[in-house]
Amino acid sequence: MHIDVNSAFLSWTAIDLLNNGFGKDIREEYAVISGDESKRHGIVLAKSDKAKQKGIITGESLYNARRKCPNLNVYAPDYHLYEEMSDCLFKLLSTYTPDIEILSIDECFIDYTKIKKLYGDEIAFAHKLKDKIKQELGFTVNIGIGNNKLCAKMASDFQKPDKVHTLYQHEVKAKLWPLPINELYGIGKKTSEKLITLNIKTIGDLANIDYNFLYKYFKNQAASMIESANGIDHSLVISNSLPPKGISHSITLERDLTTKEEIYEVLQMIVERVAISLRKQHKYAYVVVVNLKNQFFKSYSHQVKLKNATNITNEIFETTKRLLDEMWKNEPIRLVGIRLDSLVDSDHYQQSLFEDVVDREKQKKLEEVIDNLKSKYGHHIIKPAALSKNKKKMN
DNA sequence: TCTGGGGTCCTAGGACCC
DNA sequence: TCTGGGGTCCTAGGACCC
């Protein structure tokens, strides 16, 4: 089964507003959740059914959405709230089974095969489950049932909200094949455009295409594309969520930055964040990546693999500065991002002849102390002098 | 005041090795 | 007599997902 919260961010904000005495349910009006336009974060993160009927889609600019629906009501996202609501949902589900694979903040798979003996017919169970979620948590979900994850996921997407759908193997032809090709999981904008030029317009078209023909255009992807279109998927529900492969953070700036010093300051801020997150997870990173986006929305990245995995803020910061020096084309920058990759559980430190190991150990201890101060007294209790607004007052 | 942020996976090309 | 083939690792970029 695939369980998917209907318009998650919007539903969750709606509940929160109702709980705080807001007189109306924003699920019933022309509403979207969006970031702050003045900070250049104005894109649609979630929409109500009514907004959807106006043609508003997730991911488009708020500017665009307003043109489709001039009297649109806009609400800010609250990520802390969303984490809490998400936790509540997964906790409720885990009272039924430990076999839950969390896909994102608002959706997951459960392996019903293993608990069918306990709870009986899956369709009856799914209805009871969705009603229980609505009653106890206040929001609706769609539940898709299938013989594998792909079919369950496609089924949960059929008709919304508050519905249970099945997509068993024998239903693939009737329920999956008529859908437009871009609705197949794994087929995005680029691939569907390419497929349409090949006259492959529906999932059924893809399901029945000649493999050798498709191979010419999609190489190794061809086989799995045809399998998906036939509702075939051998992947398993993996309950114990895997550790992250990387940690990243990026910021779209309120205005484009034009000097290296300004970009350094942003880098420093972002490094602080990712490094703390890294240490919190007891990880060390081998690879440091800097990503930039220029005023024309062109992104480019530069990365380096370190000799030694690190979790030391300063080592990461110095690395990102070096990367920036090498890659920056002296042009206005809209977004600055950092990613830490190739994470390992311990640093297996290889001492270099020219390094001061004592100093490195001291640095690590210092950062442990700083992390503790921050978690006790808040993020702003201590920060690099370079990020202080009153640099002259600092001792 | 048009266009976010956090992820995963894949591919292509170059360096390098035997 | 101009120049293989297989393999790994690294980097950059892109597609896709929510």
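Side-chain atoms are counted along with the backbone in the values below, which use heavy atoms only and exclude waters and symmetry mates.
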To the nearest angstrom, how far is [X] atom [atom1] from [N] atom [atom2]?
{"X": "A:Ile3", "N": "C:dC18", "atom1": "CD1", "atom2": "P", "value": "16 Å"}
{"X": "A:Glu37", "N": "B:dT1", "atom1": "CD", "atom2": "C1'", "value": "5 Å"}
{"X": "A:Lys39", "N": "B:dT3", "atom1": "NZ", "atom2": "P", "value": "14 Å"}
{"X": "A:Asn291", "N": "B:dG7", "atom1": "CG", "atom2": "C1'", "value": "13 Å"}
{"X": "A:Ile57", "N": "C:dC17", "atom1": "CD1", "atom2": "P", "value": "13 Å"}
{"X": "A:Asp256", "N": "B:dC2", "atom1": "CG", "atom2": "C1'", "value": "14 Å"}
{"X": "A:Trp12", "N": "C:dC18", "atom1": "CH2", "atom2": "P", "value": "14 Å"}
{"X": "A:Glu60", "N": "B:dC2", "atom1": "CD", "atom2": "C1'", "value": "10 Å"}

Within residues 100-109 of chain A: residues closer than 4.0 Å to DNA chain C (heavy atoms): A:Ser104, A:Asp106, A:Glu107
Give the residues of residues 179-191 of chain A touching DNA chain C, defined as any heavy atom closer than 4.0 Å, sorted by residue number. A:Leu184, A:Tyr185, A:Gly186, A:Ile187, A:Gly188, A:Lys189, A:Lys190, A:Thr191
Mind checking if [X] touches a base, just sugar-phosphate, or nothing, with heavy atoms under 4.0 Å?
{"X": "A:Ile247", "answer": "sugar-phosphate"}
{"X": "A:Val289", "answer": "nothing"}
{"X": "A:Lys153", "answer": "sugar-phosphate"}
{"X": "A:Gly337", "answer": "nothing"}

Polar-atom pairs under 3.5 Å, protein N or O versus N or O of nucleotides 4-6 of chain B: list them with distances, or write none.
from  : atom 1 : to       : atom 2 : distance (Å)
B:dG4 : OP1    : A:Arg334 : NH2    : 2.9
B:dG5 : OP1    : A:His41  : NE2    : 3.4
B:dG5 : OP1    : A:Thr252 : N      : 3.1
B:dG5 : OP2    : A:Thr252 : N      : 2.9
B:dG5 : OP2    : A:Thr252 : OG1    : 2.4
B:dG6 : OP1    : A:His249 : ND1    : 2.3
B:dG6 : OP2    : A:Ser250 : N      : 2.6
B:dG6 : OP2    : A:Ser250 : OG     : 3.2

Can you tell me, in whole Å, how much space there is between the P of B:dT3 and that of C:dC17? 23 Å
Roughly how far apart, to the nearest Å, are C:dG4 and B:dC16 at atom C1'? 16 Å
Identified salt bridge (charged side-chain N to carboxylate O under 4.0 Å, His left out) partner of A:Asp371 from the options A:Lys365, A:Lys280, A:Arg279, A:Lys364: A:Arg279
Residues [X] and [Y]: side-chain donor-acceptor under 3.5 angstrom:
{"X": "A:Thr310", "Y": "A:Glu315", "answer": "yes"}
{"X": "A:Asn372", "Y": "A:Tyr377", "answer": "no"}
{"X": "A:Lys175", "Y": "A:Thr166", "answer": "yes"}
{"X": "A:Asn142", "Y": "A:Asn6", "answer": "yes"}
{"X": "A:Asn291", "Y": "A:Lys293", "answer": "no"}

Partners passing side-chain contact (heavy atoms from CB on, under 4.5 Å) against A:Ala229 (at least two apart in sequence or in another chain): A:Leu184, A:Ile203, A:Leu206, A:Ala207
Going by side-chain contact (heavy atoms from CB on, under 4.5 Å), name the residues that satisfy it together with A:Lys298, two or more places apart in sequence or in a different chain. A:Asn294
One thing to verify: whether A:Glu193 and A:Lys190 come together as a salt bridge, which I'm taking to mean a side-chain N less than 4.0 angstrom from a carboxylate O. no
Can a salt bridge be assigned to the pair A:Asp341 and A:Lys245 using a cut-off of 4.0 Å between side-chain N and carboxylate O? no
The correct list of stems in which DNA chain C takes part (3 or more consecutive Watson-Crick or G-U pairs, distances under 3.5 Å) is B:5-18 with C:5-18
Pairwise ring pair (Phe, Tyr, Trp, His ring centres under 6.0 Å) hits with a residue in residues 125-160 of chain A, at least two apart: A:Trp12-A:Phe139, A:Tyr96-A:Phe125, A:Tyr112-A:Phe125, A:Tyr119-A:Phe125, A:Phe158-A:His165
From the set B:dT1, B:dT8, C:dC17, return the single nucleotide nearest to any side-chain atom of A:Pro244. B:dT8
By side-chain hydrogen bond (donor to acceptor under 3.5 Å, both in side chains), which residues pair with A:Ser156, not counting sequence neighbours? A:His2
Identify, with sequence neighbours excluded, every residue that meets side-chain hydrogen bond (donor to acceptor under 3.5 Å, both in side chains) alongside A:Asp25. A:Arg27
Only pairs under 3.5 Å count here: list side-chain donor-acceptor contacts from residues 208-215 of chain A, not counting sequence neighbours, and write none if there are none.
from     : atom 1 : to       : atom 2 : distance (Å)
A:Asn208 : ND2    : A:Gly204 : O      : 2.9
A:Asp210 : OD2    : A:Asn212 : N      : 3.4
A:Asp210 : OD2    : A:Phe213 : N      : 3.1

Comparing A:Ser299 and A:Val287 on DNA chain C - which has the more 5′ nearest nucleotide: A:Val287
Take A:Asp99 and A:Lys114, measure what salt bridge (Lys or Arg N to Asp or Glu O under 4.0 Å) needs, and give me the verdict at the end. CA-CA 8 Å; A:Asp99 293 306; A:Lys114 293 183 185 169; 3.6 Å; yes
Are the side chains of A:Phe218 and A:Thr191 in contact, using a 4.5 Å heavy-atom criterion? yes
Residue pairs involving residues 44-66 of chain A (criterion side chain to side chain donor-acceptor pair (under 3.5 Å); sequence neighbours excluded): A:Glu37-A:Arg66, A:Lys47-A:Thr58, A:Glu60-A:Lys68, A:Asn64-A:Arg67
Distances for protein N/O vs nucleotides 9-15 of chain B N/O pairs under 3.5 angstrom?
from  : atom 1 : to       : atom 2 : distance (Å)
B:dC9 : OP2    : A:Lys245 : NZ     : 2.9

